[in-house]
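Letters go in sequence order (proteins before strands), and every chain restarts at 1. Note that the structure is predicted; figures quoted are calculated from it, not measured.
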Amino acid sequence: MNTPSEDRAPVTNFIRDIIAHDIKSGKHSHIITRFPPEPNGYLHIGHAKSICLNFGVAQDFNGDCNLRFDDTNPEKEEQEYIDSIREDVAWLGFKWKSNPSASDYFDQLYEYAVSLINKGLAYVDSLSPDEMRAQRGTLTEPGTESPYRNRSIEDNLDFFKRMKAGEFADGEHALRAKIDMASPNINLRDPVIYRIRHATHHSTGDLWCIYPMYDFTHCLSDAIEGITHSLCTLEFEDHRPLYDWFLDQLDTPCHPRQIEFARLQLKYTLTSKRKLNQLVQEGIVDGWDDPRMPTISGMRRRGFTPESIRNFSDIIGVTKKDSMIEMGVLENCLREDLNVRAQRRMAVLNPLKIIIENYPEDQVEYFDGKNHPQYPDFGTRKIPFSRELYIEQEDFMEDAPRKFFRLAPGREVRLRFAYYITCQQVIKNEDGSIRELICSYDPESRGGNTPDGRKVKGTIHWVSAAHAIDAEVRSYDRLFNVVNPARAEDVHDTLNPKSLQIHPNGKLEPEIETSRQPLAYQFERLGYFIADKHSSAEKPVFNRTMSLRDSWAKIEKEQDKN
RNA sequence: UGGGCCGUCGCCAAGCGGUAAGGCACUGGGUUUUGAUCCCAGCAUGCGCAGGUUCGAAUCCUGCCGGCCCAGCCA
């Protein structure tokens with residue numbers, strides 16, 4: 001059986017074109033890429049695009065991809081994030097060649113900085129951060145050279161050594177590249193390359209109190225690892241001249257090529273680690289892996305498959321155009337994958353009891369249910385049937401319109417795999433709400449067809465009351481109510497108050513694993529579901545990964561309008 | 001209003017001087033014991049706009065218009 005994605009045309013994009021060209025021209029015989037997250041948060045769907053690009057390209061060109069932690073800011077980074085990043089990349093299905101950290105290169109980076117000083121291309125500035133900002137100029141006006149810009153090489157060497165030795169407080173001095181304070185590209189106006197931070201680093205501990213900046217670290221780390229193509233997002237385009245400048249001035253093993261592409265933007269989704277962190281910290285969601293979160297771990301817990309995310313990354317493309325992908329594309333990838341892998345089961349989210357008055361009180365019979373309507377290989381399972389059943393509340397309507405193909409007083413429907421039933425009587429509570437339905441069944445309709453060949457318009461799902469597994473079922477809707485939550489000042493204004501709906505009285509047919517993690521089910525007519533990480537046989541909890549496409553909902557909406 | 005980048009169907013996206021792929025969405029029809037799946041059909045005389053070059057332009061040139069990014073000792 002082919003998965004849908006295997007039938008698609010091969011992935012192509014401008015980055016793959018460049019790489020193919022570099023191989024054809026003989027510039028490279030073996031390519032190496034890298035995915036370089038900062039371990040300051042959990043990975044999200046935006047990172048997935050980059051991971052799939054970097055690892056995918058390496059795979060397809062018989063090259064390698066490194067997972068490198070860009071850990072040059074000890075104040076924000078933690079081991080917890082490192083662990084989660086490794087888990088997420090591996091879960092997506094990728095194997096890194098090596099898994100270094102920028103901090104592994106601190107000694108070499110320090111030497112490169114010394115070398116820059118020796119060439120007269122870097123100096124220790126003693127301006128305060130505020131003063132430096134004031135002298136940087138603006139977008140339209142050039143900056144002013146620092147009074148410390150022309151310190152002697154000896155003084156610079158001495159200051160830098162003392163910075164490293166811990167003789168100064170944070171912010172007292174900084175090492176700057178000596179480039180051009182009048183450059184129209186602000187990144188080239190003598191950027192800081194080392195700052196003093198008396199902070200404990202998650203990996204190097206208190207060994208260092210000076211830390212290199214991103215621009216200096218990244219290009220050199222790439223060069224040290226022999227990266228051929230350094231793929232990053234559009235906002236680093238202005239940094240490329242700086243990337244190239246360091247590599248041109250220093251004696252490095254190679255000069256990787258930086259190529260920028262547009263980051264993923266998904267409608268109704270946030271891909272800002274800072275704001276996602278805020279949701280976690282304020283307890284608005286149940287941690288980084290809350291099933292509503294656009295994090296890889298959240299999506300995993302929700303029931304997404306790695307294949308669906310990889311396929312999504314492939315079909316959205318890679319370009320330099322700012323774009324906003326519709327949720328429907330991701331949802332389609334998920335449904336497409338789950339449809340061919342999920343076994344079918346029956347479950348009722350909002351139970352309504354029905355009693356089949358003409359069915360023997362103590363009788364139980366078992367029906368064979370196909371585990372997949374199209375794939376016989378999936379087999380069948382036994383489904384118990386008895387006098388008292390649960391059906392979905394939404395599948396009954398007292399005053400039903402013509403087009404409603406389900407149960408209503410006097411109307412006949414098919415219980416999937418079982419019998420035709422007709423609603424005979426509605427039993428109500430004192431407050432007028434429906435307590436239960438009295439129905440009758442046609443013994444002739446066993447298996448779902450009658451000898452007289454009469455048709456019923458609807459087939460509904462059901463669960464035998466006496467045999468049902470009680471479960472909590474959680475349905476999710478989008479976490480954010482606005483198309484682009486990133487634009488909002490305050491995240492709180494963007495949240496969908498109904499993003500989580502709990503069905504405490506769910507009823508599952510008995511043939512369902514309640515604790516096994518990565519097993520996706522389709523609960524027929526409801527959607528795809530997976531046991532939550534906290535689910536157990538004692539307290540089953542299921543997450544709705546994704547609803548089924550629902551054209552009835554559309555019709556219903558139309559009717560409401562009329 | 002300095003610099004960098006980007007504009008092809010509602011949303012993505014191929015196209016690389018020879019006469020507009022594909023996916024999602026949408027619309028119509030068929031199959032169906034999931035109003036699911038699957039299948040079939042429709043969906044840009046048009047490529048931000050205006051000129052120009054050419055036998056021929058989404059592709060080349062010029063000028064406009066619109067959008068995104070940059071003034072952290074963050075990445």
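- Residues forming a ring-ring contact (aromatic ring centres under 6.0 Å, His included) with A:Phe216 (at least two apart in sequence, or on another chain): A:Tyr194, A:Phe246.
- Note: CG (A:Leu526) to P (B:rG35) measures 10 Å, nearest angstrom.
- For A:Leu139 and B:rC68, the CG to P distance is 15 Å, given to the nearest whole Å.
- Contacts between residues 179-203 of chain A and RNA chain B, defined by a heavy-atom separation below 4.0 Å, involve A:Pro184, A:Ile186, A:Val192, A:Arg195, A:Arg197, listed by number.
- What separates CD of A:Glu131 from P of B:rC73 is a distance of 13 Å, to the nearest Å.
- Here B:rG35 is the nucleotide among B:rA14, B:rA13, B:rG35 with the atom lying nearest to any side-chain atom of A:Arg525.
- Here the two rings, on A:Tyr243 and A:His239, have centers that are 6.0 Å apart or farther.
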Protein-nucleotides 4-6 of chain B N/O pairs under 3.5 Å:
from: B:rG4; atom 1: O2'; to: A:Asp238; atom 2: OD1; distance (Å): 3.4

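- Checked for salt-bridge contact, A:Asp104 and A:Arg68 miss the test: no charged N lies under 4.0 Å from a carboxylate O.
- By the ring-ring contact (aromatic ring centres under 6.0 Å, His included) test, A:Phe367 is found to be paired with A:Phe385, A:Tyr419, residues two or more places apart in sequence or in another chain being considered.
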Summarise protein proximity over nucleotides 36-42 of chain B in one line of letters, 5' to 3': B for base, S for sugar-phosphate only, - for none, counting protein heavy atoms closer than 4.0 Å. BB-----

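- When the ring-ring contact (aromatic ring centres under 6.0 Å, His included) test is applied to A:His173, the partners found at least two apart in sequence or on another chain are A:Phe159, A:Phe168.
- Rounded to the nearest Å, the gap between the P atom of B:rG10 and that of B:rG46 is 14 Å.
- Nucleotide B:rA71 holds its C1' atom 14 Å from the CE atom of A:Met213, rounded to whole Å.
- When each of A:His218 and A:Gly137 is assigned the nucleotide of RNA chain B bearing its nearest heavy atom, the one mapping closer to the 5' terminus is A:Gly137.
- Here the P atom of nucleotide B:rC74 and the CD atom of A:Glu75 are 8 Å apart, to the nearest Å.
- Under a 4.0 Å N-O distance rule, the pair A:Glu394/A:Arg406 does not qualify as a salt bridge.
- Side-chain atoms of A:Thr140 lie closest to B:rU1 of the nucleotides B:rA14, B:rU1, B:rG35.
- Residue A:Thr319 has its side chain nearest to B:rA14 when only B:rA14, B:rU34, B:rC24 are considered.
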